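Taking it in order: structure first as structure tokens, then the write-up.
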Amino acid sequence: MAENKSNAKDKETAERISKSLDKEAMYGGHVDLKLYHIPDESIEVKKMTDLDSIIKSSLTNVGISADGNAGGNFLMYNNKVSHRSSAQEGLEIMSVKEAREKYDWLEDYWWKLVSPEADKYTARSYMEDSDGYFIRVLPGTKITSPVQSCLMIGSEEALQTVHNIIIVEEGAELEVVTGCLTHDGVQRALHIGVSEMYVKKNGKLTFSMIHDWDESVEVRPRTGIRIEEGGLMTNNYVCLKPAKSIQTNPSAYLEGEGATAYFNTIAVAHPDSVLDMGSRVFLNASHTKTEIISRTITIGGEVISRGDIIGNAPEVYGHLECNGLVLNENGSQKAIPALEAHAMDVEMTHEAAIGRIARDQVEYLMTRGLDENEATSLIVRGFLSAGIEGIPEILKEDIDDIIKKTADAS
Amino acid sequence: MLQIEDLYVEVAGRPLLKNVSLTVEKGETTILFGPNGAGKSALLSTIMGFSNYKITSGKIYFKGKDITEAPINERAKMGIGIMSQRPPNIAGVKLRDLLEIETHKNLLNLEEMARSIDMERFLERDINVGFSGGEIKRSELLQLSVQRPDFYLLDEPESGVDPVNMAQVGNMIRKLICNKKACTSHDPERKASLVITHTGEILDYLDADKAYILCNGTVMCSGNPNRLLKEIKTQGYDECIRCKMNLTQIQ
Ligand SMILES: Nc1ncnc2c1ncn2[C@@H]1O[C@H](COP(=O)(O)OP(=O)(O)OP(=O)(O)O)[C@@H](O)[C@H]1O
Ligand SMILES: [Mg+2]
């Protein structure tokens, strides 16, 4: 635990928050925090190219290249920051702790979109005084080359707690690719990632997160997003590799006229894994808009797809779409879309469909010479990629791999 | 090329095709007539091997081999290609994704092939999703031109195609079947085909050799395509029954 400003008020706050250290989350199964500890191991590199080759190759699985050519880089290994660099004017990348030292005003953003008292995960993250990335784009600056951030667990039975803040100032634009993964050989671990994202007036943020965990890793991201007038947030979440359990339900608050949020999720539930994934959008100003789309496949695990749209202002638009495929008899899919309106003239819709691969589609492709596995894999790939526009090539290969495995297993 | 012997087929547990025997020789263009619901599409689907169509007895031979039990893709690899009447939508799979599998293997220029049938801008579209009737036909033709089968099963190639596009579709089919060369009936260089048509428009583009009429799931007669079409147009399919008598003679 690091340098807490130890005045009386802080102590009081800490005492209050520590009461939530045993508070179970609303969703997701029980995780015994006592099974995990905060590891000491860390690494530090001046340049991304200095990373060892095993790490470099693991990073490519989460869409991160270590060639040093990204517009900015951030790497966290276990609970310490390993690298941060910005290659672009108007783009600030540092650790949140550094940022907090540097900017007094950061208090206004500090744990403001995610409550430390939400559950035991947020409380623990807060009490650990977690570090993480601070990415900020200055007003009017358009960052052309995506920023890469990477959160890596390197130790067995590690508890990784992370606290991130992204600020896209007025009229600024930013694209972030975040890869979360375990180091080769790490099997059991718990990742708690708290992220707070601020998109100011007419700002634009595209945030893509790719997870690549191991079969026994438990994952509890906690995300809050605030979007001002005319702001746009696109959130892509991709999780194709096994994990023991993931429970995530980011909340977006659309506070300004015409703000927009898109959520796209594609995920595969492997045998014995539980994926409880949702998105929650509060349409708090008029003419705000959201679309939540999820495409999930189970090859033996359990999928729960949630989606909540809450219309609190007139003339808002929201659409929810959950599509699930069950490709193995042991798998299960549950779609829980919810719409709520507290204002007039809202337009909110949802579609949910769960099923199997249509036989006529497979056979149609077979008439063109594809064998049954090739046809199935093309259809499944299409099903998933319909969830995310412009899916990176490297992920397509991952998806193909998984599908091959599926075909072999079934 | 194709030989069907005494075929019985069930769909959804219900007998549909009965006692169907027909042959298509190498280089032959064969037409299949018959009223709505007669079982024409079912016959083509059975030849292709779609699983909805259960063969209860009879045999199908292609290039001398028994394919009665062969999986669809094996039939495709042996050289059978189909233009389906109602192909399914495949959301998320772009026409390009499918076609590139074949064009990469055979070093074909997909762009050029698509351009020749005005389908370039459909390459990035999801297969059949939102395609108009005419666009579906052109998409099927593009797929067939990439596939290059030896035997074409065409299910109502002219339906839903406007008169202007008909010339394009008709000429394209002619080009595929004639193997690019000038072609006349019974030319052994020509690709064999079994073509379903109601209007006979496609006959303007193909020199058809022979026609069968299918009624109530069974072959009622066969003969000269143009003559049979004329009969159907003047007398309807009632003639089928009468003509059934002559079938044994023809065979
Ligand atoms: N999968 C199926 N399930 C149930 N009935 C079917 C199926 N396929 C075909 N049929 C039925 O079998 C009969 C023959 O259908 P088919 O499509 O072969 O007719 P067709 O001769 O091609 O007619 P059209 O000229 O209208 O295209 C119809 O009554 C049809 O409803
Ligand atoms: Mg038909």
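Quick caveat: nothing in here was measured; it's all calculated off a predicted structure. Chain letters run A, B, ... following the sequence lines, proteins first, then strands; residues in each count from 1.
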How close do [X] and [Y] get, heavy atom to heavy atom, and via which atoms?
X: Thr367(A); Y: Gln147(B); value: O-NE2, 2.9 Å
X: Tyr364(A); Y: Phe50(B); value: N-CE2, 4.2 Å
X: Gly369(A); Y: Ala76(B); value: N-CB, 3.7 Å

Note to self: Using modelled atom types and a 3.5 Å cut-off, is there a donor and acceptor pairing between side-chain atoms of Gln361(A) and backbone atoms of Pro88(B)?
What the structure shows: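 Looks like no, no N/O pair under 3.5 Å.
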Check: Does Glu363(A) reach the main-chain N or O of Gly49(B) with its side chain, forming a donor-acceptor pair under 3.5 Å?
Finding: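 The answer is no, because no donor-acceptor pair under 3.5 Å joins these two groups.
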Next item on the list: Can you tell which part of Asn89(B) gets under 4.5 Å to a heavy atom of chain A, answering side chain, backbone, both or neither?
Entry: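 Answer is backbone: N, CA, C or O of Asn89(B) sit under 4.5 Å from chain A.
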Between atom [atom1] of [X] and atom [atom2] of [Y], what is the distance when rounded to the nearest 0.5 Å?
X: Leu365(A); Y: Ile90(B); atom1: CG; atom2: CD1; answer: 4.0 Å
X: Lys94(B); Y: Leu378(A); atom1: NZ; atom2: CG; answer: 11.0 Å
X: Asp360(A); Y: Asn52(B); atom1: CG; atom2: CG; answer: 8.0 Å

Report, as yes or no, whether the 6.0 Å neighbourhood of atom [atom1] on [X] holds more than 12 heavy atoms from other residues, nucleotides or ligands.
X: Glu69(B); atom1: CD; value: no
X: Glu111(B); atom1: CD; value: yes
X: Lys65(B); atom1: NZ; value: no
X: Lys77(B); atom1: NZ; value: yes
X: Asp272(A); atom1: CG; value: no
X: Lys191(B); atom1: NZ; value: yes

Item checked: Option passing side-chain contact (heavy atoms from CB on, under 4.5 Å) with Arg368(A) (candidates Leu99(B), Ile72(B), Leu98(B), Ile101(B)) ->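 Among Leu99(B), Ile72(B), Leu98(B), Ile101(B), the one meeting side-chain contact (heavy atoms from CB on, under 4.5 Å) with Arg368(A) is Leu98(B).
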